[in-house]
Student: 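Got a structure for you, written out below as structure tokens; questions coming shortly.
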Amino acid sequence: MKKYLQSYHAFFPRSYMKWIIYLVYPASMFALFFGGQLLFDMMVLMLMMPTVMLAVECMIDMFVFSGFAAKGNAGRMEYMMASAKGRGMVNRALAVDWIRRLLYLLVLAAVVYVASLAKQGGELDEMLIKLFFCVLTSAAFLMSVALWIIRVIDNRAVQYGVMYMLLSLPAWVIMLLTKQFEMDMKWICLVFIVLFVISVAGQIWFLMKKVKEGYYDA
Amino acid sequence: MMNIESILTMRNLKKKFKGFALDIPELIIPKGFSTALIGENGAGKSTLFHLISGTRLDYTGEIDYFQGEKDEKKIRELIGYTSTSGYFMPNWSISQVGNVGALLFDNFDEERYQALLQELAVKEPEGKNKKEKRISKLSDGMRMKVMLASVFARDTRMLLLDEPASPLDPLMRDKLCAMIREYIHQGAGEKSAFFSTHNIADMENVTDYAIIMEKGQVVEQGFVEELKEKYVAVKGESGDAEKASRILFSFQQNSFGFEGICLAKELDKLAGMDVATEVPTLSQISVAVMKHYTSLQS
């Protein structure tokens, strides 16, 4: 486990990034959710949180893995490529990064679910919860797509552009799917979960392939 | 070549790019010595270093490391490679290079790395300057010093340094030569250094063996002392210039006369001319050989 975390932390630009990712970021999310209840309706917060998380994850990734698999960036990987352990280190870092993100998504889902239950006095607003999970799963899928792009394009303007474009999508996707196709939101969640898993697995496979290609023509 | 053990033996090594081909039928790097790889830009020096370091794998041919070592992990552990490209992730700090080095290489000594950073004036002693620059904010010279610290902090058997002197100031080049000499000396015949350079004069005092490349091929190689016996520096009067130009290996005329490099075995042909001879420097030999094979128009 230590080796996995060390590999992940190797990509952090500064040691304080650990504090930001493991403390400041989750604490801010909690503060936003619980503090926000003083200002906003619970429903607004529930639908806003996954979108905020999508934005924060994109911002963090711009500092951690930004453009590392971009074309022409193999040179900056040479120190790792010269070692027999280099590829394993990249693989471990990518895996830990997704495990960390998945954990955060699960914690967010649990906190919001429990908080909404408490707010309704033990009675579940099923529609609202379903809507929340739809937004959360779609945000998770869009997050995986956004990070994929951020990691293969080494251009900050494009990276921000991708992030802004994707930010409004979760809400639009849900509205479109429920209005036009009258789909059950349970199925929408399931579709997004499947897409998310495929996208994350595909991303790790693709990025490792790019790293491997660095050993062949630059 | 004398009967000397090799640290690296390459056979039928071929690598093609668009408009360039590296083609080396056989090349032996002697063990226990410091070898310089010399050649003009685009001669194939960095390509050869990429193949040896294992950072490029798309080639044909055979590279025999450390007289038959086959374990890839062990080979990579024993080679200390620095390159001319980015090398490190640009957002890493100098200390982070040490942390990552310890993860990547079993033989990485973090304490030695920190000591080398101070020795090379990359980092001030503890407490003086806590804020560290990112790799991307370092000058080329400073980045090379960090690369050198990361390589010398490991217990390797061979240094593979791609143009280490180019971004360094004269003082640091002198220091680099001393570090390479010390490395070879400590190895007691077991450690070798193989570096490419354009700064032949600065690196000559640490060069035991020289390899000159042109257009992807090795055109000359040998121990420096042997090369200095093979070639002779010649200076003469203008009157003999035309005749001498047909004999000399490399020839240059100026308003006072001519000078050039002559193969020692051809020296007899200069008999009757008013010429002065002297032992050439490695730089003179290298330039002469490169001029002989280059497609660069004079």
Side-chain angles (χ1 to χ4, degrees), chain A residues 1-18 20 59-94 96 150-151 154-156 159 211-218, chain B residues 15-18 46-47 49-59 71-93 95-108 131-137 143 146-147 150-151 154 156 160 162:
Chain A
M1 189 61 191
K2 193 182 168 193
K3 202 169 154 188
Y4 275 76
L5 282 173
Q6 281 177 328
S7 299
Y8 181 40
H9 297 160
F11 284 89
F12 287 11
R14 294 281 178 185
S15 54
Y16 61 69
M17 204 71 189
K18 285 180 201 168
I20 291 176
M59 297 281 277
I60 286 174
D61 215 70
M62 284 182 208
F63 291 97
V64 179
F65 289 107
S66 180
F68 89 97
K71 197 177 179 190
N73 274 356
R76 58 170 69 169
M77 302 284 285
E78 269 198 311
Y79 192 43
M80 288 184 251
M81 287 163 74
S83 160
K85 298 177 181 176
R87 271 160 68 182
M89 193 177 113
V90 177
N91 209 347
R92 283 193 296 275
L94 291 173
V96 172
I150 284 170
R151 289 166 183 189
D154 192 15
N155 181 313
R156 217 19 83 85
Q159 291 173 340
V211 171
K212 193 177 170 190
E213 279 171 7
Y215 289 88
Y216 297 86
D217 271 330
Chain B
K15 162 85 184 136
K16 275 186 186 171
F17 288 114
K18 200 177 176 186
S46 293
T47 302
F49 276 37
H50 282 143
L51 305 190
I52 296 170
S53 66
T55 51
R56 295 287 179 276
L57 301 171
D58 47 348
Y59 64 89
D71 183 352
E72 192 206 327
K73 185 179 178 293
K74 197 172 175 192
I75 290 168
R76 285 173 186 260
E77 283 284 328
L78 294 174
I79 296 176
Y81 167 66
T82 67
S83 82
T84 51
S85 60
Y87 197 65
F88 300 121
M89 294 288 279
N91 58 7
W92 282 350
S93 67
S95 290
Q96 207 172 350
V97 169
N99 300 335
V100 177
L103 274 178
L104 291 173
F105 300 99
D106 291 338
N107 55 11
F108 190 91
K131 197 173 179 192
E132 280 187 9
K133 278 187 178 175
R134 289 182 189 194
I135 293 294
S136 60
K137 302 282 180 198
R143 199 169 63 237
V146 177
M147 282 189 224
S150 73
V151 159
R154 289 167 50 204
T156 56
L160 188 66
D162 193 1

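The chains referred to below are lettered A, B, ... by the order of the sequence lines, with proteins before strands, and numbering in each begins at 1.
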Student: Give, as side chain, backbone, both or neither, the part of B:Y87 having an atom under 4.5 angstrom from any heavy atom of chain A.
Tutor: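 Interface part for B:Y87: both.
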
Student: Can you name the closest pair of heavy atoms from A:V64 and B:N91 and give their distance?
Tutor: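 Smallest heavy-atom distance, with atoms named: O-ND2, 3.8 Å.
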
Student: Any side-chain donor paired with an acceptor under 3.5 Å for A:E78 and B:H50?
Tutor: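 The answer is yes; a qualifying pair exists.
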
Student: Answer yes or no: is there a donor N or O on one side and an acceptor on the other, between the side chain of B:R76 and the main chain of A:K85, under 3.5 Å?
Tutor: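 Between the backbone of A:K85 and the side chain of B:R76 there is no qualifying donor-acceptor contact (under 3.5 Å).
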
Student: Would you mind telling me which of A:Y79, A:F11, A:F68 makes a ring-ring contact (aromatic ring centres under 6.0 Å, His included) with B:F88?
Tutor: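 The single option meeting the ring-ring contact (aromatic ring centres under 6.0 Å, His included) with B:F88 is A:Y79.
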
Student: Name the option with the most non-hydrogen atom pairs under 4.5 Å to chain A; the candidates are B:S95, B:S150, B:A102.
Tutor: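 Heavy-atom pair counts peak at B:S150.
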
Student: Please examine the side chains of B:R56 and A:M81, heavy atoms only from C-beta on, and report whether any two atoms are closer than 4.5 Å.
Tutor: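 When only atoms from C-beta onward are counted, B:R56 and A:M81 do touch, with a gap below 4.5 Å.
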
Student: Heavy-atom count around A:M17 CE within 6.0 Å, excluding the residue itself: above 12?
Tutor: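 It does: A:M17 CE has more than 12 such atoms within range.
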
Student: Nearest 0.5 angstrom please: A:K3 NZ to B:L103 CG, how far?
Tutor: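 If we round to the nearest 0.5 Å, A:K3:NZ and B:L103:CG are 9.0 Å apart.
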
Student: Only pairs of heavy atoms separated by less than 4.5 Å count here; which of B:E72, B:K73, B:M89 has the most with chain A?
Tutor: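 Looking at each of B:E72, B:K73, B:M89 in turn, B:M89 comes out on top.
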
Student: Report the C-alpha distance between B:V100 and A:M89 in whole Å, list the side-chain angles of each, state the deciding distance to 0.1 Å, and finish with yes or no for side-chain contact (heavy atoms from CB on, under 4.5 Å).
Tutor: CA-CA 10 Å; B:V100 177; A:M89 193 177 113; 3.8 Å; yes

Student: On a heavy-atom basis, which atom in B:Y81 and which in A:A82 lie closest, and how many Å separate them?
Tutor: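 For B:Y81 and A:A82, the tightest heavy-atom pair comes out as CD2-CB, 4.1 Å.
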
